[in-house]
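Okay, so here's the structure we're looking at.
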Amino acid sequence: MRAVAKYGALATLGSLVLSTLSAAPAGGADFAGTSSEARGTVVAAKRAAAAGITFRACPKAEMLPAPLTCGTVEVPLDYARPDGERIKLTVSRVKASGRTGAAGGDGKAVETVRRQGALVYNPGGPGSSGMAFPLAAKMPEWKRIAAAYDLVGYAPRGVGRSAPLSCQNAGDFAKAPTLSPTYPTESYKRERISRAKAYAQGCARNAGASLRHYTSLNNARDLDVLRAGLGEKKLSFMGASYGTYFGALYASLFPSHVRRMVFDSAVNPDPEQIWYRNNMDQSFAFERRWADFRAWVAKHDATYHLGTTPAEVQRNYERVRAEVAHRPAGGKVGPGQLHAAMLGAGYYDDYWAIRATALSEFLKGNTKPLVDQAAPRPAAAVGNENSNAVYTAVECNDAPWPTDWKVWDRDNTGLAEVAPFETWDNAWMNLPCAFWPAQRRRPVDVRTSAGELPPTLILAAERDAATPYAGALELQRRLAGSVLVTERGAGTHGIAGGTNECVNDHVEAYLLTGKTPVRRAECAPHAAPNPVSLAEHTELRRRLNSGVRSESVEASLEHGSSSRPTAYTHERRTPAGT
């Protein structure tokens, strides 16, 4: 999410994209130390500290295996009234193992490690749950961190079983196939305006007066109550994507409560960017990332036969779009579902091989890979609708949005001329904010002074589209003493715990010792994905399943298909209706 004007290709749009928002902000920054919400947070945190969190076997609904345990922490719905209605947030944990290595296991000597408290994680969204995060304790990249920290995940307010929010029937939300016109007609725009109004009304109808309390500020306050409930005097926290934004709010509200904070793939916290301009900048950035994917596919034409140039790959992609518009694949994959699947390649390059395979096989007459990857899963419908409801409520409540459709139409029409891949789908996702019935707030000016905050660590991939690089630079300017680690030439969204050892070494050193590199450090990009055809992937999987294990086989599977663990996935969910 980025300042559009900083990109040369958009400079010619001038004030077109950077239109003045037509909605005046309601209220003001309410995080001052004398505010009723601040006093309410103190009350709630003291109450949580006294009660603690009782961890037991996780309920079946969470589908989380032992040794994970689960509990709840109680927070006020409205921090201005801490003794009023309260809601419970679900929490998961794996306790610190206290040692690394395993005698007789991986051959490494056992090392006893001092426990350093709890490490709380949020994967972003808004609307994503971190309940599965403690599963990362079993992964090699997290072993040393999991030895020293209890790994703690949780579902933010509104998400999962944490006072879940819903705005629409899940079946209607997951309806497929759907359209996804790059240049929508006037009649299609009118249809989407009508749907956006209905969605906003659905949120208000289902949530009632509680709707206005789903905000980033309340997410930050909830985090402090969770800290207290865990028995931690100071918070160690890792936030990815949107998690960096309310993590930065936390740092501004509670700097003395911070122990260590990692901001992975940073949202631009400039109040002028939240959230309308950030979404416009994100749409622009995805155009470059889509180009990266097409260039990689063209480089491996011998495997995929989709063209030797990015332009040829684009033409073949348009062939697939036209065919699924005429005859949806599997009866469920239309242009909307196709686009949502390809957007995943914009987030993660470990999707590139399977997405390219799906396009290639489709053009050969085999629709199964595309259907497998893009068709909505009925079992996920409720969770996806819930996630989108929370996303919408938080972003609409956080800040002013244009309330005049003419502003949206003008800005997105202009942007689509240079960034057609994601512009309009992103606009439709956010359009309910134009008709939002709850009070909008003025975004907080995230900022800390020298010496106010312990050193914090910011991670960014230079070509990340979901949270473009300028956001990391802006966050570093605003958090005094913060350090930025950049993965140059890479674009995967969320880089902690991935395949880049340089990045992981910086994260591990910081969390385990508190040490940071110089003010700005750089890592070379992680390895590009291996091109794997469907036949090759099938054979590799057969060999692996039959017990033929080798580093080369596993590496080919890992880099040729999606191996990203759900423990720290933070891809924005694109509604099926876009």
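The closest donor-acceptor contact from the side chain of Asn397 to the backbone of Arg440 lies at 3.5 Å or more, if one exists at all. Using a distance-only test at 3.5 Å, with no hydrogens or angles considered, no donor-acceptor pair links the side chain of Glu85 to the main chain of Asp78. Side chain of Arg157 to backbone of His213: a donor-acceptor contact under 3.5 angstrom is found. Under the 3.5 Å distance criterion, the side-chain polar atoms of Ser36 are left unmatched by any main-chain donor or acceptor of Ala80. Ser265 places no side-chain N or O within donor-acceptor distance of the main-chain N or O of Thr467, the cut-off being under 3.5 Å. One N or O on the side chain of Trp401 and one on the backbone of Glu395 form a donor-acceptor pair closer than 3.5 Å. Arg478 contributes a side-chain N or O that, together with a main-chain N or O of Val446, makes up a donor-acceptor pair within less than 3.5 Å. A donor-acceptor pair under 3.5 Å is formed between the side chain of Ser35 and the backbone N or O of Ala38. Under a 3.5 Å cut-off, the side chain of Thr486 and the backbone N or O of Arg488 do not form any donor-acceptor pair. Between the side chain of Ser162 and the main chain of Thr90, a donor-acceptor pair closer than 3.5 Å is present.
In terms of heavy atoms, Asn386 sits closest to Leu165 at ND2-O, 2.8 Å. The two atoms that bring Trp275 and Val267 nearest to each other are CZ3-CG1, 3.7 Å, heavy atoms only. Nearest approach of Asn504 to Ala496, heavy atoms of both residues: OD1-C, 3.9 Å. Considering every non-hydrogen atom in both Asn268 and Ile274, the closest pair reads O-CD1, 3.4 Å. Pairing each heavy atom of Ser241 with each of Pro123, the nearest pair is CB-O, 4.4 Å. Contact between Ala45 and Val225 at its shortest, heavy atoms only, is N-CG2, 4.1 Å.
Atom-to-atom distance recorded for Asn122:CG and Asp264:CG is 11.5 Å, nearest 0.5 angstrom. Atom CD of Gln476 and atom CZ of Phe263 lie 11.5 Å apart (nearest 0.5 Å). Atom-to-atom distance recorded for His493:NE2 and Ile495:CD1 is 11.0 Å, nearest 0.5 angstrom. From Leu459, atom CG reaches atom OH of Tyr510 across 10.5 Å, with rounding to the nearest 0.5 Å. In this structure, CZ in Arg93 is found 4.5 Å from CZ in Phe55, a value given to the nearest 0.5 Å. Taking CG of Asp270 as the start and CG of Asn278 as the end, the distance is 8.5 Å to the nearest 0.5 Å.
For Tyr391 and Tyr214, the ring centers sit 6.0 Å or farther from each other. A ring-centre distance under 6.0 Å is found for Tyr242 and Phe246.
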- Start with the C-alpha gap between Glu74 and Lys88, add the side-chain angles, then the distance that decides, and say whether side chain to side chain contact (heavy atoms under 4.5 Å, CB included) holds. CA-CA 4 Å; Glu74 196 173 70; Lys88 291 182 178 180; 4.1 Å; yes
- Run the numbers on Leu64 and Ser92 for side chain to side chain contact (heavy atoms under 4.5 Å, CB included), then give the verdict. CA-CA 9 Å; Leu64 296 174; Ser92 60; 4.3 Å; yes
- Start with the C-alpha distance between Asp83 and Arg47, add both sets of side-chain angles, then the distance that settles salt bridge (charged side-chain N to carboxylate O under 4.0 Å, His left out), and finish with yes or no. CA-CA 10 Å; Asp83 294 322; Arg47 192 159 51 212; 3.0 Å; yes
- May I have the step-by-step check of side chain to side chain contact (heavy atoms under 4.5 Å, CB included) for Leu253 and Leu217, ending in yes or no? CA-CA 9 Å; Leu253 281 117; Leu217 277 171; 3.9 Å; yes
- Message: Applying side-chain hydrogen bond (donor to acceptor under 3.5 Å, both in side chains) to Asn218 and Tyr79, what does each step give before you reach the verdict?
- Response: CA-CA 8 Å; Asn218 279 342; Tyr79 276 92; over 6 Å; no
- Are Asp224 and Thr41 close enough, and set up right, to give a side-chain hydrogen bond (donor to acceptor under 3.5 Å, both in side chains), and what steps lead you there? CA-CA 8 Å; Asp224 200 54; Thr41 307; over 6 Å; no
- What's the verdict on side chain to side chain contact (heavy atoms under 4.5 Å, CB included) for Glu474 and Gln273, showing C-alpha distance, side-chain angles and the deciding distance? CA-CA 11 Å; Glu474 183 66 24; Gln273 293 290 122; over 6 Å; no
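The number of heavy atoms from other shown groups lying within 6.0 Å of NZ (Lys233) does not exceed 12.
Between the side chains of Glu487 and Asn500, at least one donor N or O sits under 3.5 Å from an acceptor N or O. A donor and an acceptor atom, one from each side chain of Glu111 and Thr100, are located under 3.5 Å apart. Checking Asp398 against Ser216 by side-chain atom types alone, a donor-acceptor pair falls below 3.5 Å.
When side chains are defined from C-beta on, Pro255 does not count as touching Pro454, because their heavy atoms never get closer than 4.5 Å. Here the side chains of His506 and Pro517 are in contact, with some heavy-atom distance below 4.5 Å. Between Glu422 and Leu343 there is a side-chain heavy-atom pair separated by less than 4.5 Å. Residues Asp292 and Asp349 have side chains not in contact (no heavy-atom distance under 4.5 Å, counting atoms from C-beta outward). In this structure the side chain of Val159 never reaches within 4.5 angstrom of the side chain of Pro126, judged on heavy atoms. In this structure, the side chains of Asp350 and Thr492 stay at 4.5 Å or more apart for every pair of heavy atoms. The side-chain heavy atoms of Arg81 and Pro76, taken from C-beta on, include no pair separated by under 4.5 Å. You'll find the side chain of Asn219 stays beyond 4.5 Å of the side chain of Tyr245, heavy atoms only.
A salt bridge does not link Glu232 to Arg227: none of the charged nitrogens lies less than 4.0 Å from a carboxylate oxygen.
The side-chain hydrogen bond (donor to acceptor under 3.5 Å, both in side chains) with Tyr149 is formed by just one residue from the set Lys95, Arg260, Arg115, Arg144; it is Arg260. Just one residue in the list Tyr154, Phe237, Tyr121 forms a ring pair (Phe, Tyr, Trp, His ring centres under 6.0 Å) with Phe133, and that residue is Tyr121.
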